[in-house]
Peer 1: 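Sharing a structure here in structure tokens format.
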Amino acid sequence: MLDMRLIRENPELVKQGLANKYDTSDLDKIVTLDEKRREIIRQVEKLKGQRNKASAEIAQKKKAGESADEAIAAMRQVGQDIAALDDDLREIDQELQTAMSWLPNLPHDDVPVGKDESANRFVREWGEKPQKDFKVLPHWEIGESLGILDLEAAARLSGSGFYFLKGLGARLERALYNYMLDMHVADGFLECSVPVMVTTETLFGTGQLPKLAEDMYKTERDDLYLIPTAEVSLTNVYRGEIIDHTMLPMYMVAYTPCFRREAGAAGKDTRGMIRVHQFTKVELVKIVRPEKSLEELESLLTQAEKVLQGLKLPYRVMVLATGDLSFASAKTYDLELYAAGVDRYLEISSVSTFDDFQARRMNCRFRDADGKIHFPYTLNGSGLALARLIPAILENYQNADGSVTIPDVLRPYMGGADKIG
RNA sequence: GGAGAGGUGGCUGAGCGGUUGAAAGCGCUGGUCUCGAAAACCAGUGUGCCUUCGGGUACCCAGGGUUCGAAUCCCUGCCUCUCCGCCA
């Protein structure tokens, strides 16, 4: 949620930010609603003041045994006026709230302005693309031939867009998330195991709702959504609370399945594990003091990079253009992992800062040392997505004989195995 | 899933139609005292909104309703606890 005060006092700045994000919300309407809202509040509170005064007098008279009939009769109309104004206010509040809830976060000044991913800016790269003297098979082929990935079985069970790992394939997934969790925990992240079904309010808090309703799975009977990312469960942990400043910064990590309908992505990446409805991911979330958020963003990026460096997988860092930023994000780095079989870069991590946008939606605040209350800043980053990591390993670590070498750091997690096949 | 009890400030806990934003205790902050600390004593200690910056107004799980007036009465929902059932 954006700060209404900022919109009121500096609408042009907000408009420019929205324009850079290619958002078409009607800000003038919001400004008008806000003015109307405050006008009604002024009126109704004046009346309520009168009523409170009169009520006290009525109470006095009754206590003294005098008749208060006249005063009561006089207040009847005031009561009705208040009720009518309260109705108006409720309506306007609702309208304003709805309009506000659709406003995306504003991008930072240093985010490149551009319509889509073609405007994303290269930041740096790490590692070498693997040089192979044979044709590297895409992960769905090598996975099938090694008997560790059974996409047919997944389709039998759930239709398209799912994967079924077995044997060392499933073991590889387990090795990866144990490796990542151990690394992040060692680096100070609090390990969490969290609900993957959450309420509307929770999804509103991180900004998935109302805009992305179509992209998520919902259990209609119970009104719960399956999380598209553990960001949702972790970030909302203190929704509606005022926490103490000594609890900041909070670093959290969770391994969960993630569920995405991929409603708008029909026909894209239909083969293999690259774009599926259910995948697992290790997610990192930080809740920090506002003034620390920029350095925390950089260190979160570094944390995600550390996983890829440990696995010796080549990647590049991109900073997303304004038009490619997610609804809630103020600045996002993407980590793109080169996969030799599909011969392209795969987005494997998205590291973002949300400033106070999510904290406002969650109404999560912290009490500072001086007693003042502020919104903390929230950040998150994948650390990392398993359904992209596994293909990359199957492709980049592929050998001419059709086997796949297991990265050194994973071997202790693989029962000592050094290759698959 | 069935039966019952209950949701009040950071916590415990009173209040059950009229100066109650809310007693009391604990905690916390500041002060006195002390070489220092503890104890004791004194003072302070919720959040949002509106504001002509004097104040005003709202909030006692959430949303409706009754009333001149609701923390208090009524309805709906959510959550917690106890017992039973089911269950990894």
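Throughout, a chain's letter reflects where its sequence line sits, starting with A, and its residues are numbered from 1.
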Peer 1: Between B:C50 atom P and A:Leu47 atom CG, what is the distance in whole Å?
Peer 2: 18 Å
Peer 1: Quick test of your reading of the model: are A:Glu39 and A:Lys36 salt-bridged, counting only N-O distances below 4.0 Å?
Peer 2: no
Peer 1: Please state the P separation for the pair B:A71 and B:G4 - nearest whole angstrom.
Peer 2: 29 Å
Peer 1: Picking from A:Asp215, A:Ile227, A:Leu226, A:Thr229, what satisfies side-chain contact (heavy atoms from CB on, under 4.5 Å) with A:Arg260?
Peer 2: A:Thr229
Peer 1: Between the side chains of A:Glu141 and A:Gln398, does any donor sit under 3.5 Å from an acceptor?
Peer 2: no
Peer 1: Let me spell it out: for each of A:Ile373 and A:Ala59, pick the nucleotide of RNA chain B with the closest heavy atom. Which residue's pick is nearer the 5' end?
Peer 2: A:Ala59
Peer 1: How would you label the contact of A:Arg8 with the nucleic acid (heavy atoms, under 4.0 Å): base, sugar-phosphate, or nothing?
Peer 2: sugar-phosphate
Peer 1: Where the side chain of A:Arg51 is defined as all heavy atoms beyond and including C-beta, which of B:G69, B:C50, B:G18 is the nearest nucleotide?
Peer 2: B:G69
Peer 1: Just to be sure I understand the rule, does A:Asp244 reach a base, reach only the sugar-phosphate, or reach nothing, if contact means heavy atoms closer than 4.0 Å?
Peer 2: nothing
Peer 1: Rounding to the closest angstrom, what is the interatomic distance between B:U52 and B:G27 at atom P?
Peer 2: 42 Å
Peer 1: Would you say the side-chain atoms of A:Ser382 pair up with the backbone N or O of A:Ser350, donor to acceptor, closer than 3.5 Å?
Peer 2: yes
Peer 1: For nucleotides B:C28 and B:C78, find the distance between their C1' atoms and express it as a whole number of Å.
Peer 2: 32 Å
Peer 1: If you only use heavy atoms from C-beta on, which nucleotide in B:U47, B:U51, B:C68 is closest to the side chain of A:Arg42?
Peer 2: B:U51
Peer 1: With nearest nucleotides of RNA chain B determined for A:Ala73 and A:Ala56 from heavy-atom distances, which residue corresponds to the more 5′ nucleotide?
Peer 2: A:Ala56
Peer 1: Check this for me, if you would: do A:Arg90 and A:Asp86 make a salt bridge, where the nitrogen-to-carboxylate-oxygen distance has to be below 4.0 angstrom?
Peer 2: no
Peer 1: Look at the side-chain N and O atoms of A:Arg37 and state whether any lies under 4.0 Å from the OP1 or OP2 oxygen of B:C49.
Peer 2: no
Peer 1: Would you measure the distance from the C1' atom in B:A38 across to the matching atom in B:A23 and give it in whole Å?
Peer 2: 29 Å
Peer 1: Among the nucleotides B:G46, B:C49, B:U57, which one has an atom lying closest to any side-chain atom of A:Arg367?
Peer 2: B:G46
Peer 1: How far does the P atom of B:C59 sit from the matching atom of B:G69, given to the nearest Å?
Peer 2: 13 Å
Peer 1: At 4.0 Å (heavy atoms only), tell me whether A:Ile58 reaches a base, stays on the sugar-phosphate, or touches nothing.
Peer 2: base
Peer 1: Between B:C68, B:U57, B:U51, which nucleotide has the shortest distance from any of its atoms to the side chain of A:Lys48?
Peer 2: B:U57
Peer 1: Name the closest nucleotide to the A:Asn52 side chain, picking from B:U19, B:A58, B:C68.
Peer 2: B:A58
Peer 1: Taking only Lys NZ, Arg NE, NH1 and NH2, and the carboxylate oxygens of Asp or Glu, determine whether A:Arg239 and A:Glu201 approach each other closer than 4.0 Å.
Peer 2: no
Peer 1: Looking at B:U47, B:U57, B:C68, which one has an atom nearest to any side-chain atom of A:Lys62?
Peer 2: B:C68
Peer 1: Using the C1' atom as the point on both nucleotides, what is the distance between B:U80 and B:C61, in whole Å?
Peer 2: 10 Å
Peer 1: Tell me what A:Lys46 touches on the nucleic acid: a base, only sugar-phosphate, or nothing, going by heavy atoms under 4.0 Å.
Peer 2: nothing
Peer 1: Any strand is fair game: report the nucleotide pairing with B:C35 by Watson-Crick or G-U wobble, both distances under 3.5 Å, or none.
Peer 2: none
Peer 1: What's the closest nucleotide to the side chain of A:Arg38 if the choices are B:G64, B:A58, B:C50?
Peer 2: B:C50
Peer 1: For a quick check under 3.5 Å, do A:Glu12 and A:Gln16 share a side-chain donor-acceptor pair by atom type?
Peer 2: no
Peer 1: For B:A88, give its Watson-Crick or G-U wobble partner with both distances under 3.5 Å, or none.
Peer 2: none
Peer 1: How far, in whole Å, is B:G21 from B:G46 if one measures between their C1' atoms?
Peer 2: 9 Å
Peer 1: What is the distance from CG of A:Asp223 to C1' of B:C79, rounded to the nearest Å?
Peer 2: 16 Å
Peer 1: Between B:G17 and B:G65, how far is it from one C1' atom to the other, in whole Å?
Peer 2: 15 Å
Peer 1: Based on the glycosidic angle (syn within 90° of 0, else anti), state the conformation of B:G54.
Peer 2: syn
Peer 1: Report the distance from atom CD of A:Glu35 to atom P of B:C49, rounded to the nearest whole Å.
Peer 2: 18 Å
